[in-house]
Engineer: 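Please read through the structure below; I'll follow up with questions.
All heavy atoms count here, side chains included; hydrogens, waters and symmetry mates do not. Since we're looking at a predicted model, the values are computed, not measured.
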Amino acid sequence: MITSTIKTESHIGGAHRPGRWLALSVLVLAVLLVAVDATVLGLATPFLSEDLEPTGNQLLWIGDVYSFVIAGLLVSMGSLGDRIGRKKLLLIGATAFGAVSVLNAYATSPEMMIVARALLGVAGATLMPSTLALIRNLFHDPRERSLAIGIWGAMASAGAAVGPVVGGFLLEHFWWGSVFLINLPVMAVLVLVGLKLIPESKNPNPGPWDVPSVALSLVGVIGIVYAVKELASHGLSLDAGVAALLGVAALTWFVRRQLTLPAPLLDMRLFRHRGFSGAVAADLLTILGLSGLVFFLSQFFQLVQGRQPLEAGLAELPAAIGAVTAGLVAGVVARRFSVRSVVAGGLAAVGLALAVLTTLDQHTGYPLLGAALLVVGVGAGFSFTVTADVILSSVPKEQAGSASAVSETAYELGAALGIAILGSIVTGIYRGFATPAGVPSDVASAAHESLGGAVEASGSLAPETATALVSSAQDAFVDGLRIAAGVGAAVLLATAVAAWFLLRGQKLEDGVEH
């Protein structure tokens, strides 16, 4: 069986497959697609708020329903790719992603936008596990694979940089929906070129795709994330309690079912590997600490400091530059020193940078903000690249899709929890701001929903009253942002300590696999 598997995988991928770097360049387009989409939304939020007039809760759902759905489906889609073919799933997903992007662009109500974002999550869930699993299959030399994963991570960061800049340009010249249409040309290139360049790969002996396990993982993840979101927003409630119980029950059943199936959707025995478990935990908690803050940072640049969309996008470039640079050298640095020192050091750097942001106010100069963003980028680039390498190299090639899916699930679940928890902190503190005298109740109600709503609502007031309302709202928003940064810093620093112990003795592979 082992010999047969190695022969099948080697035949498909080849230890030194010609054109593997060209194939990689097509794969990272999918990463670019997802990263651009995620960062563009934050930049478009003020315009979307003005046009669709969502409530504060709807705005959070628009921000995180994509991550909810993608987190719930990633394991299932990674396993599906192992079975039907990772290339096939990638191309189907890319086509669907482009089509649903059109629905996002032309959404006419908050409810329609939430549904469109959820459907985009379904399509997005097919992309990320497929790209990492195909990299695992294309590059059998561990050093080459480290570099390929570094490029993969760097392109995700580049997408985070390109998204705000391109999005800012589009927002200054077109309507907010145009930021979703930039997915279409990328999708077209990926599908047309990918058909010829990307080799197919799948598990040669996958077993059936277990539909009950798919349903259990989806219900479990969404139930838990929804419960956390409700607890953070409204405290203890019947809805949150029911969702939490349902989520825990579904995930417990899911785990028990995987341990009894001859061909499980997710091999739970992977978590017996300390390095694998440590890397997954580091990914989840890091993104949790970062995502909620990043979601609101674009609004801070635009609605508090008054930057234009393109300028706000350029202001966030240092984080992407740092992540790209660190990602490309992370494998070399981890072999020179150690996996745990690079991951723990990277996480600590991000935590300290977030701690600096607790000093934020409306007039904080850009040098401090830019330096903090650069440190965040470097730390995250080192950590994510090395943990992705650890996760992929700690499992057999035929399980690459499932392992990649676990890695991406941790990422997306962390993003959903981060926006839910840290976003709810910002929103909760923001809604408590004092309304200046002379503001009508309907205007005050709209202003308390979101900062974008306050700026929009102030247009109907006398200049002095409008200025007082917007200033009070901005102060409250910044207060919330400072506290969220503090919570994020605490999470990252605690994760750095945990990673130091969990990744003890972990090393990246050397030499060529045979």
Engineer: Going by side-chain contact (heavy atoms from CB on, under 4.5 Å), name the residues that satisfy it together with Val214, two or more places apart in sequence or in a different chain.
Structural biologist: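 side-chain contact (heavy atoms from CB on, under 4.5 Å) list for Val214, sorted by chain: Ser76, Trp209, Leu265.
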Engineer: Answer yes or no: is there a donor N or O on one side and an acceptor on the other, between the side chain of Asp283 and the main chain of Val280, under 3.5 Å?
Structural biologist: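 Not a single qualifying donor-acceptor pair exists.
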Engineer: Considering residues at least two apart in sequence or located in another chain, which fulfil the ring-ring contact (aromatic ring centres under 6.0 Å, His included) criterion with Phe271?
Structural biologist: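 With sequence neighbours excluded, Phe271 shows a ring-ring contact (aromatic ring centres under 6.0 Å, His included) to Phe276, given in chain and number order.
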Engineer: Rounded to the nearest 0.5 Å, what separates atom CD1 in Ile429 from atom CG in Asp475?
Structural biologist: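 Spacing of CD1 (Ile429) from CG (Asp475) equals 13.0 Å.
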Engineer: Return the minimal non-hydrogen interatomic distance between Leu347 and Ala282, and the atom names on each side.
Structural biologist: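 Closest pair (atom of Leu347, atom of Ala282, distance): CD1-CB, 4.3 Å.
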Engineer: For side-chain contact (heavy atoms from CB on, under 4.5 Å), just list the numbers for Val219 and Leu246, CA-CA rounded to whole Å, side-chain angles, deciding distance to a tenth of an Å, and then say yes or no.
Structural biologist: CA-CA 8 Å; Val219 171; Leu246 185 63; 3.9 Å; yes
Engineer: Considering residues at least two apart in sequence or located in another chain, which fulfil the ring-ring contact (aromatic ring centres under 6.0 Å, His included) criterion with Tyr430?
Structural biologist: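 Tyr430 satisfies ring-ring contact (aromatic ring centres under 6.0 Å, His included) with Phe433 once adjacent residues are dropped.
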Engineer: Mind checking side chain to side chain donor-acceptor pair (under 3.5 Å) for Gln474 and listing every partner two or more places apart, or none if nothing turns up?
Structural biologist: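 For Gln474, no residue satisfies side chain to side chain donor-acceptor pair (under 3.5 Å) once neighbours in sequence are set aside.
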Engineer: Give every donor-acceptor pair under 3.5 Å between a side-chain atom in residues 492-501 and any protein atom, sequence neighbours left out.
Structural biologist:
residue	atom	partner	partner atom	Å
Thr495	OG1	Val491	O	2.7

Engineer: Applying side chain to side chain donor-acceptor pair (under 3.5 Å), can you list everything that pairs with Ser338, at least two apart in sequence or on another chain?
Structural biologist: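 Ser338 satisfies side chain to side chain donor-acceptor pair (under 3.5 Å) with Ser341 only.
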Engineer: Shortest non-hydrogen contact from Met268 to Val255?
Structural biologist: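 Answer, listing the atom of Met268 first, then Val255: CE-CG2, 3.8 Å.
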Engineer: Is there a side-chain contact between Arg117 and Ile114 in this structure, where contact means two heavy atoms from C-beta onward sitting under 4.5 Å apart?
Structural biologist: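 In short, these two side chains do not touch, never coming nearer than 4.5 Å.
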Engineer: For the atom pair CG (Leu352) and CG (Leu357), what is the distance rounded to the nearest 0.5 Å?
Structural biologist: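 So the CG of Leu352 and the CG of Leu357 are separated by 11.5 Å.
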Engineer: Just jot down the side-chain contact (heavy atoms from CB on, under 4.5 Å) partners of Thr358, sequence neighbours excluded, or say none.
Structural biologist: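 With sequence neighbours excluded, Thr358 shows a side-chain contact (heavy atoms from CB on, under 4.5 Å) to Ala485, given in chain and number order.
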Engineer: Under the side chain to side chain donor-acceptor pair (under 3.5 Å) rule, collect the residues that match up with Asp239, sequence neighbours excluded.
Structural biologist: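 For Asp239, no residue satisfies side chain to side chain donor-acceptor pair (under 3.5 Å) once neighbours in sequence are set aside.
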Engineer: Without swapping roles, check the side chain of Gln362 against the backbone of Gln305 for a donor-acceptor pair under 3.5 Å.
Structural biologist: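 A pair under 3.5 Å: no.
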Engineer: Closest approach of Gly93 and Thr126, non-hydrogen atoms and distance?
Structural biologist: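 Reported closest heavy-atom pair: CA-OG1, 2.9 Å.
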Engineer: Would you check if the side chain of Arg482 reaches a backbone N or O of Leu360 as a donor-acceptor pair within less than 3.5 Å?
Structural biologist: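 Flag set: sc Arg482 to bb Leu360 pair under 3.5 Å.
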Engineer: What residues, two or more places apart in sequence or in another chain, satisfy side-chain contact (heavy atoms from CB on, under 4.5 Å) together with Ala279?
Structural biologist: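 Counting only residues at least two positions away or on another chain, Ala279 forms a side-chain contact (heavy atoms from CB on, under 4.5 Å) with Thr387, Val390, Ile391.
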Engineer: How long is the gap from CG on Leu503 to OG on Ser277, to the nearest 0.5 Å?
Structural biologist: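 The CG atom of Leu503 sits 10.0 Å away from the OG atom of Ser277.
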Engineer: I need the minimum non-hydrogen distance between Asp210 and Arg257, along with the two atoms involved.
Structural biologist: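 What the structure gives for the nearest pair is OD2-NE, 2.7 Å.
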Engineer: Between Ala118 and Val65, which heavy-atom pair has the shortest distance, and what is it?
Structural biologist: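 Closest approach of Ala118 to Val65, heavy atoms only: N-CG1, 3.9 Å.
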Engineer: My understanding is that only one of Asn183, Leu120, Val122 makes a side-chain contact (heavy atoms from CB on, under 4.5 Å) with Val100; could you say which?
Structural biologist: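 Of all the options given, the one that passes is Leu120.
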Engineer: In Å and rounded to the nearest 0.5 Å, what is the CG to OG distance from Leu218 to Ser213?
Structural biologist: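 Reported value, rounded in 0.5 Å steps: 12.5 Å.
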Engineer: Which atom names give the shortest non-hydrogen contact between Met113 and Asn104, and what distance separates them?
Structural biologist: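 In terms of heavy atoms, the two residues are closest at SD-O, 3.6 Å.
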Engineer: Counting only pairs under 3.5 Å, give me each side-chain donor-acceptor contact of residues 367-382, with atom names and distances, residues two or more places apart or in other chains.
Structural biologist:
none

Engineer: In the structure I gave you, are the side-chain heavy atoms of Val221 and Phe254 within less than 4.5 Å of one another anywhere?
Structural biologist: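 Not in contact.
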Engineer: For Ala123, check side-chain contact (heavy atoms from CB on, under 4.5 Å) against everything at least two apart and list the hits.
Structural biologist: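 Once residues adjacent in sequence are excluded, the partners of Ala123 under the side-chain contact (heavy atoms from CB on, under 4.5 Å) criterion are Ala96, Phe97.
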Engineer: What residue pairs, at least two apart or across chains, pass ring-ring contact (aromatic ring centres under 6.0 Å, His included) with a residue in residues 474-495?
Structural biologist: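 Matches after skipping sequence neighbours: Phe296-Phe477.
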Engineer: Can you tell me how far the CG atom of Leu216 sits from the CD atom of Gln258, to the nearest 0.5 Å?
Structural biologist: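 Output value for this atom pair is 8.0 Å.
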